[in-house]
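Just so we're on the same page: letters track the sequence lines, and every chain starts at 1.
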Amino acid sequence: MKSPEWLETLNPQQRRAVEHRDGPLLVLAGAGSGKTRVLTRRIAHLIEVHGVGPSEIVAVTFTNKAADEMRRRVDQLISDTEAASRIIISTFHSLGARLLRNHAHLAGLDWGFSIYDATDQKRLISDVLDRMNKASDRAAVRHHQHYVNGRKNRGQTPMEAMEQAYNAASEENAEFYRTYQNALRDAGAVDFGDLILQPLRLLREERGFADRLSRLWKFLLVDEFQDTNPAQYEMLERLTATHNNLAVVGDDDQSIYRWRGADPAHILGFEEAFDDVEIVKLEQNYRSTGLILDAANDVIAQNQRRHSKQLWTDRPDGEPICVFTGRDDREEASWVAEAIFDELRKGAEPEDFAIFYRTNAQGRLFEEQLRQYGIDYRVVGGTSFYDRREIKDVLAYLRCALNPRDDVATARVINTPRRGIGKKTLEKLRAATTVDGIEHLQDAAEFVDETTGGDQPALFGIQSANPAEQEVLDALESLRGRPKGGISRFLQILEETRDDLMHFESLADVVERLLERTDYPAFLESSEPDDAADRLRNIFELINAIEQFEQDPTTPQLIDEVRQSISDEVDDPLVTADASLRLRGFLDRSALVSQAEEADDEQGAVTLMTIHGAKGLEFDTVFVVGMEEDTFPNLRDDDPEELAEERRLAYVAITRAQNRLFITNARRRRIYGKTRNTEPSRFLLDINPERLRLDPRSSTTSIDYAASRRHSAKKRHSRHSTRSAASSSWSFDQSSGGTSKSDDGFNQTPSHWDGDEAFSQDVDVQVYDDGDAGADSTSKLVGSTVSHSRFGVGKVLDVSGSGDRARLTIDFATVGQKTVIRKFLKVLG
DNA sequence: GGCACACGAATTTTT
DNA sequence: TTCGTGTGCC
């Protein structure tokens, strides 16, 4: 077999990683060093040069985005598309789901088990707490969720948690874990943590399971290895125990999921944990300019515990990093929008720009401003598609149909749309689930449904010797009228949907009939007229996604696997129906994919996302916004590990930029509706100022604007003013270009921005005066950017007259040229 | 049982 | 600011 020609395009280290065949391989891949390139080529190389079977290769990633991207790139490298489709490329969680789905019986699960997402999990936790007569308020739910997930991330079963309990409180937690786990099992469901933990248990306990898998899967590759949690790590160990063909790629500097249980110790200690580890360091960065890389290094250098590596580039320095400090968060956003607007005018493409923020909430302002400027954008992440109420409702119906034990799903939709089953009735149903023979809400519902009102015996002829239980049953039997009718109707809908599953080829058709049957669109229309159209559109998108899933080339294989695993033990036609199996697959997918694949609109839009979402991506021009203390870093307590992780996050953000990097912040920011003064992020101050350039339109003359505030605060208290020594950072002097602010449209505020003292006064007393035109010399406005409440943003072409009544000819981004009276305009800059 | 309203609380990041 | 939960009324 001859080497493929692309081998020549790799640098020596990359090539070493690609050509390595057997045994453990650790690739320490700095940002932008061609990590994905190495992984994808390694896969191709294994197949085409070493003759490894495609289905013997398993590549694991953490996000669906990364998995999709890898799949795409592998497809490009391997000409045999059928072979390429047999390579398993999936996230850890999808892989776990697949293992469980195919071995449900081994894991003690029903074939149709549900996957609970974080929201479902919370609901169940709350129910369990109620049943245990414990507080079930938000904080308690959060605490227990955190606890359970923490145990599962560490690979601990309830029993192990109990064994490790060291005091009353931890015993109580472990006891809760046990009860919760039983409840999950009762509901025929698994949570996210189980997708790793349950397969892991099989690997530990089922003789031959690990052996079988390691014969099947001979080469494992793991992307973003720094993000593995202990459970995932153990899973990898067990899967590769017989052959040790484990290739991991990662960068300890980009470990940003500690809060989710990721432990960088795995990558830091990989060399010791396995024998004869081949180590490859990829240190050449191909992505960023010299200055951007230097800035990233300035920031990350402050972290202690790191693999030693020296990221370098032979690219030129490039432009200095542009820093802008707005007077408030709104101005920050509008400055960013305008900067992009200007670049677009010069011919840049929207998809070259990305705005990264620390928390999703920050995105809103940028959306607003981009809209003002008529710039197309796409928001990645945020409230994910599958988290939307209407989507969860529809999926809950499907889950109910497939898994009658799924009480969380049942409770969600039994009265959606409203059909007369209120809190009281639901309580009665719930109370009955403790009676023998009625384990689940749907059982209780059927009990009611079959109780025809006296002459016929109740379902199962259930009677209880226990008076309390009998009381519960009596309460159910006494239901009449709307509640009872609603319950019957609900069961009928499920029954008909199950029937459809058995008789319809297309899952999309089944869902459409479900919508009709529930009259869901009308329900949307009546309950929230304003959003109904949007929500309905989302539902159509869901149907679309289902159709796509049904046509996906990898779907048949998935279905076959499940079919094989259940065929010999189940002969329920509902279970074995094609549509059911596909529905099962689709539900798994939707539980594990946080966002609707928006592969469609990559082009023509500016990208907005959190920094977490940005990992693994790159853009020509990057705006890292909200660079302030308390926003970024966003620290809960003063745990140094937490700070280190925030720092890595900053490193990730900076290293996404190829050619231009903008860092912005605001001196005042609204948080929870309250306005607060801010301080510049320590990460910004860690960057050597020689690499930075402060934009002259900033509301400050120093990047370390808080230093001047501290400085003058000091001055107020002591007669001998000293230069602030509080900051350990380099001092920055804006040597030139310190413009007066008289012509920037904010000149209703006296121009007193030059000295620290005046600046600090400004911070204390200045109130942003929005929209008041004042009596500026209007002739100066030609060329400046203005905004209008209806027309959005535009550039001033011409001015006639003066003062408020002046008539301005403006080229608006959205509507073209208009003439508008001065007083209806807001000058932006 | 359903609805409207008020109040209160709370906010990282994601599989 | 926005969300969700709790209360009171029809």
Side-chain angles (χ1 to χ4, degrees), chain A residues 60-67 90-97 115-119 121-123 126 136-139 141-142 149 152-153 190-197 224 227-229 231-232 255-262 329 356-365 368 380-384 386-387 389 415-428 479-486 526-528 588-595 609-615 626 630-637 642 645-646 648-650 652-653 669-675:
Chain A
V60 191
T61 64
F62 278 84
T63 65
N64 295 291
K65 212 190 301 174
S90 94
T91 65
F92 260 109
H93 287 83
S94 309
L95 189 69
I115 297 175
Y116 279 8
D117 69 9
T119 314
Q121 186 189 28
K122 269 191 198 133
R123 205 147 282 165
S126 175
S136 65
D137 55 284
R138 285 262 266 271
V141 170
R142 263 244 303 261
N149 292 342
K152 291 189 174 180
N153 286 339
V190 298
D191 59 19
F192 277 146
D194 276 347
L195 291 176
I196 308 298
L197 181 62
E224 308 280 13
D227 289 333
T228 44
N229 66 35
Q232 290 160 334
S255 167
I256 55 174
Y257 287 105
R258 199 179 68 98
W259 50 274
R260 211 168 73 188
D329 43 1
F356 299 151
Y357 31 79
R358 180 63 180 80
T359 63
N360 275 310
Q362 290 168 255
R364 233 190 207 94
L365 274 174
E368 264 170 36
V380 180
T383 26
S384 85
Y386 289 100
D387 264 349
R389 190 162 61 242
N415 196 36
T416 311
R418 316 238 168 280
R419 47 177 79 92
I421 304 162
K423 215 176 172 175
K424 280 274 166 63
T425 308
L426 186 58
E427 267 321 303
K428 287 179 190 168
L479 284 174
R480 297 281 182 278
R482 291 215 312 162
K484 182 168 173 164
S526 67
S527 59
E528 33 186 357
D588 284 359
R589 194 182 170 80
S590 58
L592 298 170
V593 175
S594 61
Q595 301 134 29
M609 62 172 115
T610 64
I611 301 167
H612 282 86
K615 191 164 72 155
D630 294 329
T631 298
F632 189 20
N634 185 297
L635 301 169
R636 238 185 321 214
D637 44 48
E642 202 179 311
E645 175 139 319
E646 294 285 316
R648 292 191 291 267
L649 205 48
V652 168
R669 176 172 302 277
R670 270 217 301 275
I671 299 166
Y672 315 149
K674 288 259 191 308
T675 302

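- Qualifying salt bridge (Lys or Arg N to Asp or Glu O under 4.0 Å) partners for A/Asp329, counting only residues two or more places apart in sequence or in other chains: none.
- Remark: A/Phe92 pairs with A/Phe62 by the ring-ring contact (aromatic ring centres under 6.0 Å, His included) rule, at least two apart or across chains.
- For the pair A/Thr91 and A/Leu592, the minimum side-chain heavy-atom distance is 4.5 Å or more.
- In this structure, the NE2 atom of A/His93 is 9 Å from the P atom of B/dT15, given to the nearest Å.
- Atom pair A/Glu427:CD and B/dG1:C1' shows a separation of 14 Å (rounding to whole Å applied).
- For a distance-only test at 3.5 Å, the side chain of A/Arg358 qualifies as a donor-acceptor partner of the base of B/dT13.
- For CZ of A/Arg123, the number of neighbouring non-hydrogen atoms (other residues, nucleotides, ligands) closer than 6.0 Å is 12 at most.
- The A/Lys424 side chain lies nearest to B/dG1 when the options are B/dG1, B/dT12, B/dT14.
- With hydrogens and angles disregarded, no donor-acceptor distance shorter than 3.5 Å links the side chain of A/Arg358 to the backbone of A/Thr631.
- Residues satisfying the salt bridge (Lys or Arg N to Asp or Glu O under 4.0 Å) criterion with A/Asp588, sequence neighbours excluded, are A/Arg101, A/Arg584.
- Rounded to an integer number of Å, the gap from A/Met609 CE to B/dT12 C1' is 17 Å.
- Not counting sequence neighbours, A/Arg419 has no partner by the salt bridge (Lys or Arg N to Asp or Glu O under 4.0 Å) test.
- Between the NZ atom of A/Lys484 and the C1' atom of B/dG1 there is a distance of 18 Å, given to the nearest Å.
- A/Phe632 is linked by a ring-ring contact (aromatic ring centres under 6.0 Å, His included) to A/Phe683, counting only residues two or more places apart in sequence or in another chain.
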Could you list the protein-to-nucleotides 6-10 of chain C atom pairs, N/O on both sides, closer than 3.5 Å?
none

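- Taking atom CZ on A/Arg589 and atom P on B/dT15, their separation rounds to 13 Å, with Å as the unit.
- The interatomic distance linking A/Lys65 (NZ) with B/dT14 (P) rounds to 9 Å, in whole Å.
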Expected rows: protein N/O vs nucleotides 9-11 of chain B N/O, under 3.5 Å:
{"residue": "B/dT11", "atom": "OP2", "partner": "A/Arg142", "partner atom": "NH1", "Å": "2.7"}
{"residue": "B/dT11", "atom": "O5'", "partner": "A/Arg142", "partner atom": "NH1", "Å": "3.0"}

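- Under 4.0 angstrom from either OP1 or OP2 of B/dG1 there lies at least one side-chain N or O belonging to A/Thr425.
- In terms of modelled atom types and a separation under 3.5 Å, the side chain of A/His93 and the main chain of A/Leu195 share no donor-acceptor contact.
- Considering only residues two or more places apart in sequence or on other chains, A/Tyr116 meets the side-chain hydrogen bond (donor to acceptor under 3.5 Å, both in side chains) condition with A/Asp406.
- Atom CH2 of A/Trp259 and atom C1' of B/dT15 are 8 Å apart (whole Å).
- With both ends at atom P, the span from C/dG4 to B/dT13 equals 15 Å, rounded to whole Å.
- The side-chain hydrogen bond (donor to acceptor under 3.5 Å, both in side chains) check on A/Ser90 picks up nothing, with sequence neighbours excluded.
- A/Lys674 comes within 4.0 angstrom of no nucleic acid atom, judged by non-hydrogen atoms across all strands.
- If you check every strand for non-hydrogen atoms under 4.0 Å, A/Phe92 touches nothing.
- Shown here are the side-chain hydrogen bond (donor to acceptor under 3.5 Å, both in side chains) partners of A/Thr675, two or more places apart in sequence or in another chain: there are none.
- When each of A/Gly613 and A/Ile421 is assigned the nucleotide of DNA chain B bearing its nearest heavy atom, the one mapping closer to the 5' terminus is A/Ile421.
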Under 3.5 Å, which protein N or O atoms sit close to an N or O of nucleotides 3-5 of chain B? Give each pair with its distance.
{"residue": "B/dC3", "atom": "OP2", "partner": "A/Arg418", "partner atom": "NE", "Å": "2.8"}

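- Listed nucleotides: B/dT15, B/dT13, C/dT2. Nearest to the side chain of A/Phe192: B/dT15.
- Nucleotides B/dT12 and C/dT5 place their C1' atoms 23 Å apart, quoted to the nearest Å.
- The residue A/Asn415 sits close only to the backbone: its heavy atoms come under 4.0 Å of sugar-phosphate atoms, none of a base.
- Every residue two or more places apart in sequence or in another chain that forms a salt bridge (Lys or Arg N to Asp or Glu O under 4.0 Å) with A/Arg389 is listed here: A/Glu528.
- Atom CG of A/Asp137 and atom P of B/dG8 are 17 Å apart (whole Å).
- Between B/dT15, C/dT2, B/dT13, one nucleotide has an atom nearer to the side chain of A/Thr63 than all others, and that is B/dT15.
- Taking the side chain of A/Pro483 as heavy atoms from C-beta on, and the options B/dT13, B/dG1, B/dT15, the nearest nucleotide is B/dG1.
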